[in-house]
Amino acid sequence: MRLLNHKSKNTNQRSATPLALPRVKALPRAFYNRDPRVVARALLGKVLVRRVGRAQLAGRIVEVEAYLGAGDAAAHSAAGRTARNFVLFGPPGHAYVYFIYGNHYCLNVSCLPQSEAGCILIRALEPIAGLKQMARNRGMRIAASDGLPSSRRLLTTGPGRLCQALGITRARHNGVDVTARKSELWIADDGFRPRRIAATTRIGITKSPEQPLRYVIVGNPYVS
DNA sequence: TTATAGATTGCCT
DNA sequence: GGCAATCTATAAT
């Protein structure tokens, strides 16, 4: 398996360096079996891979938010287990996909052991492979190959956008094991390590907005 | 049973 | 900057 590298003029450190990925590893279950704040930082720079038959869509994770297992009023798990959030209470390393505002899907990855409901919201990706398909999925006429960062940003910057670009839906991907390379959705480590990470407050929440639980790769142009 | 807010986005002025 | 789109969960009738 090989991720096609998209030739791009790099506007940021090394985040778009060629991916020599003859055999990247999937992150193991133990990676996710930790405090969401630790997992969130560690996920920055990893590669989200969406397999569609033989084709692959992939993007580097550049922005995430941590939602804590207990005592986090902003988390979906705050009121306990429901038909929507049950995945969060299962084992770590599984996709939690929910539908929001009647229009958009958002992708999270569960962390902490069984019965503890922490998770990480994936908020932005730097597109790596399958950009044309992403543009098609997003209904963008231009194939995002015009080299303009401004238009490419619209592919995968924002939690709703990246789900649409990768064709992620609740019906198909909620509960998927992201530690398995055979999954339609999994997360790879290609050895890239962010140079600098910053923590800020989370976006769009009203309940406990003061905690710095949003993490970004400093300077990456695909951060929202 | 009905109302309202929400981990968002795109299009309008 | 305002607001519509319109599913899901929860609070209020």
Side-chain angles (χ1 to χ4, degrees), chain A residues 32 35-41 43-44 48 59 61-90 92 94-112 116-127 134-142 144 148-176 178 185 187 198-217 221-224:
Chain A
Y32 301 98
D35 186 288
R37 287 162 289 208
V38 175
V39 179
R41 285 178 173 275
L43 272 179
L44 290 177
L48 179 65
I61 298 169
V62 300
E63 175 181 347
V64 297
E65 284 177 0
Y67 287 84
L68 310 183
D72 184 354
H76 283 180
S77 54
R81 182 182 176 128
T82 67
R84 177 174 67 161
N85 70 17
F86 70 93
V87 172
L88 296 178
F89 294 85
H94 290 260
Y96 166 50
V97 182
Y98 65 89
F99 199 53
I100 190 68
Y101 294 121
N103 282 287
H104 308 285
Y105 292 101
C106 290
L107 170 67
N108 299 250
V109 182
S110 64
C111 39
L112 293 175
E116 293 182 53
C119 67
I120 310 302
L121 170 68
I122 312 294
R123 286 195 55 90
L125 304 174
E126 173 173 347
M134 290 185 196
R136 277 196 293 274
N137 289 346
R138 293 262 304 128
M140 293 166 65
R141 279 197 59 193
I142 301 175
L148 297 175
S150 58
S151 87
R152 233 184 255 175
R153 267 174 54 87
L154 291 176
L155 287 176
T156 53
T157 290
R161 291 195 185 113
L162 73 88
C163 282
Q164 188 179 29
L166 269 57
I168 295 169
T169 64
R170 173 170 146 167
R172 199 164 177 87
H173 300 109
N174 192 39
V176 164
V178 300
L185 197 61
I187 300 179
T200 78
T201 54
R202 293 176 292 187
I203 291 179
I205 59 170
T206 57
K207 280 175 185 163
S208 66
E210 68 286 348
Q211 294 189 81
L213 295 176
R214 170 176 173 260
Y215 304 91
V216 304
I217 296 180
Y222 294 89
V223 169
S224 72

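As the structure is a prediction and not an experimental result, all values here were calculated from the model. Every chain is numbered from 1 and lettered A, B, ... according to where its sequence line falls, protein lines coming before strand lines. FYI, side chains are in, hydrogens and waters are out, and symmetry mates aren't considered; it's all heavy atoms of this structure.
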*asked:* Please list, in numerical order, the residues of residues 72-89 of chain A that have a heavy atom closer than 4.0 Å to any atom of DNA chain B.
replied: A/A74, A/H76

*Between B/dA5 and C/dC3, how far apart are the P atoms? Round to whole Å, please.*
15 Å

*Pull out every residue in residues 97-105 of chain A that has a heavy atom closer than 4.0 Å to any atom of DNA chain B, ordered by number, or say none.*
A/Y98, A/I100, A/Y101, A/H104

*Closest approach of A/A73 to A/S208 (non-hydrogen atoms, all atoms of both residues)*: N-OG, 4.2 Å

*asked:* Quick check: do A/L185 and A/L48 have side-chain heavy atoms less than 4.5 Å from each other?
replied: yes

*Along DNA chain C, 5' to 3', what are the outermost nucleotides having an atom less than 4.0 Å from a heavy atom of chain A?*
C/dA5 to C/dT10

_Inter-residue atom distance A/F89.CZ - A/C119.SG, 0.5 Å rounding_ = 10.0 Å

_Counting the atoms with a prime plus P, OP1 and OP2 as sugar-phosphate, which does A/R138 contact under 4.0 Å by heavy atoms, base, sugar-phosphate, or nothing?_
sugar-phosphate

_Spatial distance of atom CG (A/L107) from atom CG (A/L121) [nearest 0.5 Å]_ = 8.0 Å

*Boundaries of the DNA chain B segment in contact with chain A, non-hydrogen, under 4.0 Å*: B/dG6 to B/dG10

*For A/Y98, check ring-ring contact (aromatic ring centres under 6.0 Å, His included) against everything at least two apart and list the hits.*
A/H76, A/Y96

*asked:* If you define the side chain from C-beta out and look only at heavy atoms, does anything of A/E63 sit under 4.5 Å from A/L162?
replied: no

*Could you tell me whether a side-chain N or O of A/T157 sits under 3.5 Å from a main-chain N or O of A/S224, the two making a donor and an acceptor?*
no

*Note every stem involving DNA chain B: at least three consecutive Watson-Crick or G-U wobble pairs, i with j then i+1 with j-1, with both distances under 3.5 Å.*
B:1-6 with C:7-12, B:8-12 with C:1-5

*Do any N or O atoms from the side chain of A/E126 and from the backbone of A/V62 form a donor-acceptor pair under 3.5 angstrom?*
no

*Examine distances only and state if a side-chain atom of A/R153 and a backbone atom of A/P221 form a donor-acceptor pair shorter than 3.5 Å.*
yes

